[in-house]
Asks: 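Take this structure, written in structure tokens, and hold onto it; I'll ask about it next.
Values below: every heavy atom of this structure, side chains too, minus hydrogens, waters and symmetry copies. The chains referred to below are lettered A, B, ... by the order of the sequence lines, with proteins before strands, and numbering in each begins at 1.
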Amino acid sequence: MDYVSSFALSLPEEILSAGAIVLMLVVAWAGDKSARVIGYVSVALLAAAAVALIGAPTSGAVGYAGAFHADTFAGFAKLLIYVSSAVAILIAPGFFETDNEPLRAEYSVLILLAAVGMGMMVSAADLLTLYVGLELNSLASYVLASFLRRDSRSAESGLKYFVLGALASGILLYGISLLYGFSGGTGFATVAQAFHGTTHGDPAYYGLLFGLVFVLAGLAFKIAAVPFHMWTPDVYEGAPTPVTAFFASAPKVAAMALTTRVAISAMGPATHDWQQIVIFCALASTILGGVAAIGQTNIKRLLAYSSINNVGFILFGLVPGTAEGASSVLFYLTIYIAMTLGSLICVLQMRTKDGLPTEQIASLAGLSRTRPGLAAAFAIFMFSLAGIPPLFGFWGKWEVFSALVAAGFWPLALIGIATSVIGAFYYLKIVKTIYFDEPAVELAPSRSLIEGVLIAIAALFVSPLGYLLIPAIELGTNAAAKSLF
Amino acid sequence: MSGFPILSIMLAVPFLGALWCLFAPGSAESRDQNARVTALAATLIDFALGIVLWVQYVPGGPRWQFVENSNLFGKFSWALGIDGIAMLLIVLSVFLMPICILASWKSITKRVPLYMATFLVTEIMMLGVFMAQDLYLFYVFFEGGLIPMYMTIGIWGGARRIYASYKFFLYTLLGSVLMLIAMLYMTQHAGTTSIPQLMAYNFTSQAQTWLWLCFFASFAVKMPMWPVHTWLPDAHVEAPTAGSVILAGVLLKLAGYGFIRFSLPMFPEASAHWMWLVFALSMIATVYTALVALVQKDMKKLIAYSSVAHMALVTFGLFAFNQQGIEGGFLVMLGHGLVSGALFLCVGVVYDRLHTREISRYGGIADNMPAYATFFLFFTMASVGLPGLSNFPGEFLSMMGTYEQSSWAAFIAVTGIITGAAYMLYLYRRIAFGPRKNADAAAMPDLEPREWLTLAPIALAVLWMGVYPESFLKPIRGDVVLLLERLHPTAPASDAALKIPHKPAAAAVAGEH
């Protein structure tokens with residue numbers, strides 16, 4: 001395939017990279033005053049990239065000499081990534097401008113660059129594309145985590161993320177080198193062929209197996225699956241809240257979609273080997289994510305454990321290694337980003353009368369009296385994260401467990417769904433604080449229209465009205481999953 | 001009635017009412033009053049529609065009536081429809097709802113709009129469970145009912161409301177999620193989510209065994225059966241009066257309905273296989289909870305334990321695999337719904353005046369509250385199973401069916417009637433008779449008109465059920481026959497030496513009343 005048509009396949013990435021570079025130059029001259037305008041332009045760029053997905057970028061073609069896969073799976077994941085990135089940009093000014101320092105205009109540019117990296121991750125058809133995309137996303141994220149320069153917690157968060165992220169990248173790279181060494185190539189197809197050609201007892205088989213384990217370990221770090229989750233609570237707590245919202249949504253989608261693609265496209269013939277790893281990670285994540293969250297007093301830490309818990313459920317969808325499973329992963333992610341973005345924007349609204357942000361769960365006490373609308377939205381997100389019908393979060397769990405049962409994993413499904421009851425406990429705790437407790441700290445009224453609108457949209461999406469969207473989302477996820485096989 | 005979506009409308013009315021309760025403008029006081037009036041109006045409209053259902057329902061007509069079906073959600077559909085069993089339970093629910101609203105008229109003073117909205121949402125969920133003809137629609141309603149009940153107990157409950165609300169939620173959730181996995185397995189194998197189709201589908205006996213257990217996990221908790229009943233006394237004690245009424249009156253019936261709708265027709269072999277388990281747990285419940293009820297110091301707790309004992313009679317009857325048993329079990333469900341609801345209302349009446357549920361704080365109130373004492377006695381007698389009142393026909397049929405199936409189980413079940421009389425009469429004696437030892441209890445005024453309005457309709461219904469139970473048996477007879485046809489090939493052998501043939505027995509029973 002010639003380069004012109006390859007360029008057509010990666011049109012969204014080109015729009016975002018060119019836009020990011022131009023905006024960076026604008027920022028250099030215009031300074032931080034332009035932050036809001038740069039933000040709106042960035043959202044427009046993300047919208048343009050989303051529109052550009054129609055056509056060649058989702059045609060299913062492979063470009064750049066087999067390194068870049070432009071299929072519907074990547075397209076669907078990119079759509080989710082762009083939406084979450086846009087939300088992360090939109091909610092930033094409200095947070096930073098009321099804080100001790102103004103929003104630096106580079107914020108939106110960094111998110112755009114991270115979005116480019118994530119786009120490459122989900123489109124990767126080669127281990128090197130995967131790595132480059134992952135690093136581009138990670139480097140932007142390290143900076144974003146420490147974006148509040150004068151806040152020591154934010155700096156600590158960035159540093160922790162960087163050190164542990166570098167370690168994970170090292171593990172991943174080591175796995176990639178093993179796969180390369182034993183298969184003779186870095187393309188997913190080559191690796192899959194090598195897995196196909198070897199059997200148990202073959203020395204090359206064990207080499208590939210080690211490569212598989214290391215690659216999965218590296219990716220498990222990115223999706224924050226137990227036992228590679230330790231960074232999550234610290235980073236989520238320390239990072240500025242809009243950045244936490246970003247971390248909890250877009251990179252999760254990218255890394256999860258990437259893991260799905262690697263597991264199915266590159267390691268499909270070794271499904272039985274990675275299945276046990278994924279099963280362990282999934283169960284460990286749902287259990288630890290549920291148990292460890294119970295004692296938390298900081299809402300952002302709690303949501304970090306909640307994201308670990310949810311990643312466990314998403315991994316259950318990956319276990320069967322079927323098209324139905326891949327489809328359920330995307331479906332869960334779609335609902336998950338609405339729930340997690342919604343709840344983190346609610347956290348953004350938590351400000352005391354003097355305008356200082358608060359993250360203590362205790363300060364939510366009696367919220368239903370002082371701000372009933374926010375309280376209702378918060379409760380909807382919590383019940384939805386717990387997977388209680390009639391809220392839409394239930395349907396994500398339905399999709400995942402339906403795929404498991406269809407593939408004959410019903411004992412695992414029984415254990416898995418029983419662990420969701422542990423998680424329900426701490427979501428109930430939040431609802432209890434909001435609705436049952438007497439008001440403690442009165443929160444300031446909302447100052448941001450855009451946050452209110454975004455909360456309302458997310459709450460409507462996860463409300464029972466979301467069920468009406470099942471056929472439409474199903475259409476997308478099924479087409480996406482089919483393109484993997 | 002074809003084309004007129006009466007079932008959807010019955011769900012939409014409380015929904016619109018709930019929205020108006022929450023979002024109506026005005027000052028705090030006018031919003032409170034508006035919420036009360038709106039909730040009462042919405043529940044009365046639903047009650048009227050429920051009467052229409054009963055009148056329009058054709059016994060012996062098509063099995064599923066008032067059917068609606070539109071494939072709104074892709075993977076499952078908005079499929080509603082009722083048979084006689086569901087119809088009567090719907091009528092019970094819509095009958096109790098306005099009474100609950102009236103009972104909360106004065107006793108709920110804080111956050112009234114939210115309270116009324118929560119109650120209306122509870123009504124939607126309960127009605128939805130009985131109407132749903134799609135597996136997942138059923139599940140959504142069944143589970144969704146947890147949220148409003150959790151809120152009701154947690155916000156307007158008593159001192160240990162937080163503990164009780166958690167316990168209620170997590171217990172029932174754990175049971176229900178296992179049922180979800182079983183449902184997923186069923187749809188994969190049968191290729192349909194339609195409940196009527198699944199009721200005719202034959203699963204392999206091995207699959208039935210564990211599917212039945214998964215459903216049992218959910219229904220046993222909801223029922224509640226010993227030993228997973230412990231959430232019920234806590235939830236009842238802490239819930240506000242109307243919450244207890246709905247909990248005892250309708251929510252406990254969801255499980256019995258689940259047995260009739262799912263466990264028995266969908267897994268007939270497994271039901272026969274596990275009959276011993278149901279009987280064993282019911283026998284323990286009958287003896288154990290009756291003894292526990294005897295020593296209670298709290299009125300609500302006592303009635304809660306009596307509920308567990310009554311529910312054991314339901315499970316005895318349903319798993320007796322004969323017409324008397326199933327019809328009797330169902331009648332006990334209806335009768336208990338009325339009577340225990342009324343008893344909780346009676347507790348609420350004195351609780352509103354004295355703010356305590358301690359039995360020893362009352363005594364001799366028959367002197368100063370004669371009307372109240374009369375009602376209380378009436379419902380106590382109904383609960384004991386006095387012939388002529390609502391619980392007698394059901395209990396009698398249920399025990400008759402059980403006796404036909406297993407004489408030992410029937411022997412134990414009958415002791416429940418005796419102990420039931422013991423703890424209920426003991427409760428009544430301590431509250432209504434004896435010396436007036438507490439001055440404040442002796443000074444309580446008698447029933448006010450609003451309380452008359454809540455108790456009198458139930459009393460009439462109780463009397464009706466006792467005197468002419470045929471009104472309540474006629475709509476379900478056809479459904480029970482169909483269920484028995486489904487169960488017959490695998491029904492367990494009974495230990496009765498003299499087998500009573502099915503059809504004549506039913507006619508004889510009907511003729512007796």
Side-chain angles (χ1 to χ4, degrees), chain A residues 324 331 368-369 372-373 375-376 379-380 382-383 386-391 394-395 397-425 427-429 431-433 435-437 464 466-475 478, chain B residues 15 22-23 71-76 78 110-111 113-114 117-118 121 124-125 128 136-147 150-151 153-157 161-162 165-166 169-189 207 210-211 213-214 217:
Chain A
E324 203 184 351
F331 207 118
S368 61
R369 315 258 189 105
I380 285 178
M382 289 302 125
F383 278 126
I388 311 293
L391 298 163
F394 160 67
W395 200 252
K397 294 210 165 61
W398 188 96
E399 291 279 340
V400 164
F401 285 109
S402 174
L404 263 189
V405 173
F409 288 92
W410 55 264
L412 178 66
L414 281 176
I415 301 170
I417 202 146
T419 63
S420 77
V421 179
I422 310 174
F425 177 72
Y427 296 121
L428 284 183
K429 198 174 91 175
V431 176
K432 172 224 149 206
T433 313
Y435 274 92
F436 303 174
D437 291 356
Y467 286 86
L468 295 172
L469 297 174
I470 292 176
I473 301 175
E474 192 84 14
L475 205 67
N478 281 345
Chain B
F15 178 69
L22 285 177
F23 295 110
N71 189 12
L72 280 180
F73 312 116
K75 286 278 179 82
F76 69 111
W78 180 261
K110 61 170 190 175
R111 299 158 93 183
L114 187 62
T118 313
V121 173
I124 299 174
M125 297 298 171
Y136 298 110
L137 194 62
F138 170 86
Y139 187 82
V140 165
F141 283 127
F142 189 79
E143 281 280 273
L146 292 183
I147 297 179
Y150 170 74
M151 303 294 248
I153 299 175
I155 301 181
W156 296 278
R161 61 204 162 92
I162 309 281
S165 61
Y166 275 128
F169 198 102
L170 295 176
Y171 248 75
T172 29
L173 181 66
L174 183 61
S176 305
V177 290
L178 300 180
M179 180 170 79
L180 177 65
I181 300 296
M183 286 180 166
L184 291 171
Y185 182 91
M186 287 160 68
T187 20
Q188 302 287 354
H189 281 258
W210 76 262
L211 287 174
L213 283 176
C214 284

Asks: Counting only non-hydrogen atoms closer than 4.5 Å, does Met183(B) touch chain A with its backbone (N, CA, C, O), its side chain (CB onward), both, or neither?
Replies: neither
Asks: Apply the test side chain to side chain contact (heavy atoms under 4.5 Å, CB included) to residues Leu414(A) and Cys214(B): give CA-CA distance (whole Å), side-chain angles for both, the deciding distance (0.1 Å), then the verdict.
Replies: CA-CA 9 Å; Leu414(A) 281 176; Cys214(B) 284; 4.0 Å; yes
Asks: Among Trp78(B), Trp210(B), Phe76(B), which residue forms the greatest number of heavy-atom pairs with chain A at distances under 4.5 Å?
Replies: Trp210(B)
Asks: For Ser368(A), what residues pass the side-chain hydrogen bond (donor to acceptor under 3.5 Å, both in side chains) criterion, not counting sequence neighbours?
Replies: Arg111(B)
Asks: Please work out which of the three classes, parallel, tilted or perpendicular, describes the rings of Tyr139(B) and Phe394(A), given edges at 30° and 60°.
Replies: parallel
Asks: Below 4.5 Å, heavy atoms only, C-beta onward: do Tyr467(A) and Leu72(B) meet side chain to side chain?
Replies: no
Asks: Quick check on Phe15(B): does its CZ atom have over 12 non-hydrogen neighbours (other residues, nucleotides or ligands) under 6.0 Å away?
Replies: no
Asks: If you compare all heavy atoms of Leu170(B) against all heavy atoms of Leu428(A), which two are closest, and at what distance to 0.1 Å?
Replies: CD2-CD1, 4.0 Å
Asks: Give the ring-plane orientation class for Phe169(B) versus Phe383(A), where under 30° counts as parallel, over 60° as perpendicular and anything between as tilted.
Replies: parallel
Asks: Quick one: side-chain hydrogen bond (donor to acceptor under 3.5 Å, both in side chains) partners of Tyr427(A), sequence neighbours excluded?
Replies: Ser306(A)
Asks: Once you round to the nearest 0.5 Å, how far does CZ of Phe436(A) lie from CD1 of Ile153(B)?
Replies: 8.5 Å
Asks: Is Leu391(A) close to chain B through its backbone or its side chain, or both, or neither, when contacts mean heavy atoms under 4.5 Å?
Replies: side chain
Asks: Under 3.5 Å, is there a donor-acceptor pair between the side chain of Tyr136(B) and the main chain of Trp398(A)?
Replies: no
Asks: Given heavy-atom pairs under 4.5 angstrom as the criterion, report whether the side chain, backbone, both or neither of Ile155(B) touches chain A.
Replies: both
Asks: Nearest 0.5 Å, what's the OH-NZ distance between Tyr166(B) and Lys429(A)?
Replies: 7.0 Å
Asks: Using 30° and 60° as the class limits, which term best fits the ring planes of Tyr185(B) and Trp410(A): parallel, tilted or perpendicular?
Replies: perpendicular
Asks: Keeping Gln188(B) on the side-chain end and Ser402(A) on the backbone end, is there a donor-acceptor pair under 3.5 Å?
Replies: yes
Asks: For Leu114(B) and Tyr435(A), work out which heavy atoms get closest and say how close.
Replies: CD2-CE2, 3.9 Å
Asks: State the CG-CD1 distance between Leu180(B) and Ile417(A), to the nearest 0.5 angstrom.
Replies: 4.5 Å
Asks: Can you tell which of Leu404(A), Ile470(A), Val421(A) has the highest number of heavy-atom pairs within less than 4.5 Å of chain B?
Replies: Val421(A)
Asks: So, for Phe73(B) and Leu468(A), which heavy atoms are closest and what is the spacing to 0.1 Å?
Replies: CE2-CD2, 3.8 Å
Asks: Chain B heavy atoms under 4.5 Å from Lys397(A): which part of the residue, side chain, backbone, both or neither?
Replies: neither
Asks: Where on Ser165(B) is there a heavy atom nearer than 4.5 Å to chain A: the side chain, the backbone, both, or neither?
Replies: side chain
Asks: What are the two closest heavy atoms between Glu143(B) and Pro389(A), and how far apart are they?
Replies: CB-CG, 3.1 Å
Asks: For chain B, find which of Gly416(A), Pro471(A), Ala376(A), Gly387(A) contributes the most heavy-atom pairs closer than 4.5 angstrom.
Replies: Pro471(A)
